[in-house]
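Notes follow once the structure below has been shown.
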Amino acid sequence: MNFNLTSKLPHVGTTIFTKMTMLANEQQALNLSQGFPDFETDPKLIQLVSKAMEQGHNQYAPMIGAQTLRDTIAKKYREIYDVAVDATVELTVTSGGTQAIFTAIATAVRPQDEVIIFEPAYDCYAPTIELFGGKVVPVRLLAPDFQIDWDYVATLINSKTRLIIINNPNNPTGKVLGREELIKLGDLLSGTNALLLSDEVYEHIVFDGVSPQSVLEIPTLRERSFVIASFGKLLHTTGWKIGYCIAPQQLTQEFRKVHQFNVFSVNTPMQFAIAAYLEDISYVKGLSHFFERKRNLLKDGLRGSRFKILPCEGTYFLNIDYSAISQEKEFEFACSLTRQHKIATIPLSAFYKEATNQQVLRVCFAKKDETLLKAVEILNKV
């Protein structure tokens with residue numbers, strides 16, 4: 001039957017994450033493609049969820065999020081960033097980081113608005129912008145350093161620029177924008193009507209002595225920003241899909257108008273459990289060391305391989321250059337690697353709108369040590 005339904009996203013197909021995971025399952029390969037841990041979260045957190053259920057926290061949470069969790073989040077920002085967040089008028093609990101991103105874009109972007117994104121970019125940004133009639137204006141960043149030319153960015157900002165999206169630390173590049181770059185961005189946006197969406201889901205996974213950075217620390221950015229974060233990466237619970245958005249009161253009011261008719265409210269017992277678990281903020285402060293050790297295990301293990309290791313300042317992804325091994329395009333090489341060597345990765349080209357081939361693959365190291373050691377063994381033989 002023909003319903004004459006015109007696709008709103010005609011160029012969107014199955015995501016690269018689904019493709020590579022399906023291939024990994026088919027080949028019974030080690031899956032370092034999708035960004036989730038293969039180890040469990042703290043049993044104490046699971047017990048706190050059960051406790052919350054037993055205490056009767058099983059009905060709808062408030063639309064803006066459980067008060068206890070919002071207070072815990074605000075406390076975190078005071079202690080980590082020395083920033084005051086109003087838990088009532090500036091903070092909304094969401095069904096994961098991606099739903100928060102979708103809602104912020106839906107709130108801000110109207111037909112013909114321009115949205116600047118930095119590529120390689122997380123794959124939900126561009127389709128969501130297009131869904132709401134916006135025009136994607138990509139800034140292509142290239143390996144190995146993925147450096148931003150802010151003077152070039154300045155030339156792209158005009159009266160149609162509604163939103164700029166940054167991801168800091170960045171997935172998939174592993175790059176961290178420092179305070180000076182954030183101040184530079186603030187200067188560029190001063191005097192414009194452009195808003196900022198800062199995707200900070202990996203905020204506490206930074207390495208080599210780097211401190212977490214948030215645009216909330218930069219007054220010129222805070223006044224115009226949606227800051228998105230997630231507990232999935234923080235607590236090794238990506239399947240729980242609980243995140244949040246912090247924005248000035250005026251932006252939050254509009255954000256909640258969309259949010260309430262999208263998901264309305266978020267898993268209640270898990271909100272109470274997370275709030276109780278994060279009463280001790282030292283857990284958050286230990287994340288960098290936890291993942292830096294895993295990064296180093298993978299990085300050091302590949303020093304003798306034919307892969308070139310690209311810098312990784314944050315997130316739990318390492319990029320590897322295979323140009324000394326093959327001239328195949330990234331997707332084809334990633335498939336060959338999965339079929340012939342039984343290890344799945346993600347081609348970096350999947351994060352660009354236009355075809356790009358830099359012979360770079362993204363590898364997830366949020367894995368058990370034995371998984372990483374097995375990956376090292378395989379990759380050293382390629």
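Between the side chains of Q213 and N168, no donor N or O sits under 3.5 Å from an acceptor N or O. A side-chain N or O of Q99 and one of T103 form a donor-acceptor pair less than 3.5 Å apart. Judged by distance alone, the side chains of Q358 and Y352 do bring a donor and an acceptor atom under 3.5 Å apart. Using a 3.5 Å distance cut-off with no hydrogens or angles, the side chains of T18 and T15 do pair a donor with an acceptor. Judged purely by distance below 3.5 Å, without hydrogens or angles, the side chains of K76 and H204 pair a donor atom with an acceptor atom. A donor and an acceptor atom, one from each side chain of T21 and Q34, are located under 3.5 Å apart. Side-chain atoms of Q67 and D71 form a donor-acceptor pair, as typed in the model, at a separation below 3.5 Å. A donor-acceptor pair shorter than 3.5 Å can be found between the side chains of S214 and E200.
Geometrically, K294 engages F290 in a cation-pi contact defined by less than 6.0 Å to the ring centre and at most 45° from the axis. For R295 and F365, the positive end is not near the middle of the six-membered ring at less than 6.0 Å and at most 45° from its axis. Stacking of K367 on the aromatic ring of F36 is recorded, both the 6.0 Å distance cut-off and the 45° axial limit being met.
Partner of T356 under the side chain to side chain donor-acceptor pair (under 3.5 Å) criterion, chosen from R140, E119, K329, E330: R140.
Of the possible polar contacts, one joining the K75 side chain to the E279 backbone as a donor-acceptor pair under 3.5 Å is found. Looking only at distances, no side-chain donor or acceptor of T68 sits under 3.5 Å from a matching main-chain atom of A275. The backbone N or O of N171 lies less than 3.5 Å from no partner atom in the side chain of T315, so there is not a single donor-acceptor pair. Proximity of a side-chain donor or acceptor of N380 to a complementary backbone N or O of G301 within less than 3.5 Å is detected. In terms of modelled atom types and a separation under 3.5 Å, the side chain of T338 and the main chain of Q27 share no donor-acceptor contact. No side-chain donor-acceptor contact under 3.5 Å links Y244 to the backbone of R70.
Between F39 and F291, the ring planes are tilted. Angles from 30° to 60° get that label. Ring geometry, F255 versus F226: the interplanar angle falls from 30° to 60°, so the pair is classed tilted.
For Y202 and Y316, the ring centers are positioned less than 6.0 Å apart.
Separating the CD atom in E203 from the CG atom in D199 is a distance of 10.5 Å, to the nearest 0.5 Å.
Atom OH of Y60 has 12 or fewer heavy atoms from other residues, nucleotides or ligands within 6.0 Å. Within a 6.0 Å sphere centred on CD of E26, other residues, nucleotides and ligands contribute more than 12 heavy atoms. The environment of Q260 atom CD is dense: over 12 non-hydrogen atoms of other residues, nucleotides or ligands sit within 6.0 angstrom. Shown here is N193, whose CG atom has no more than 12 heavy atoms of other residues, nucleotides or ligands within 6.0 Å.
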Check: Q359 and S323: side chain to side chain donor-acceptor pair (under 3.5 Å), yes or no, with the steps?
Finding: CA-CA 6 Å; Q359 296 172 304; S323 58; 4.7 Å; no
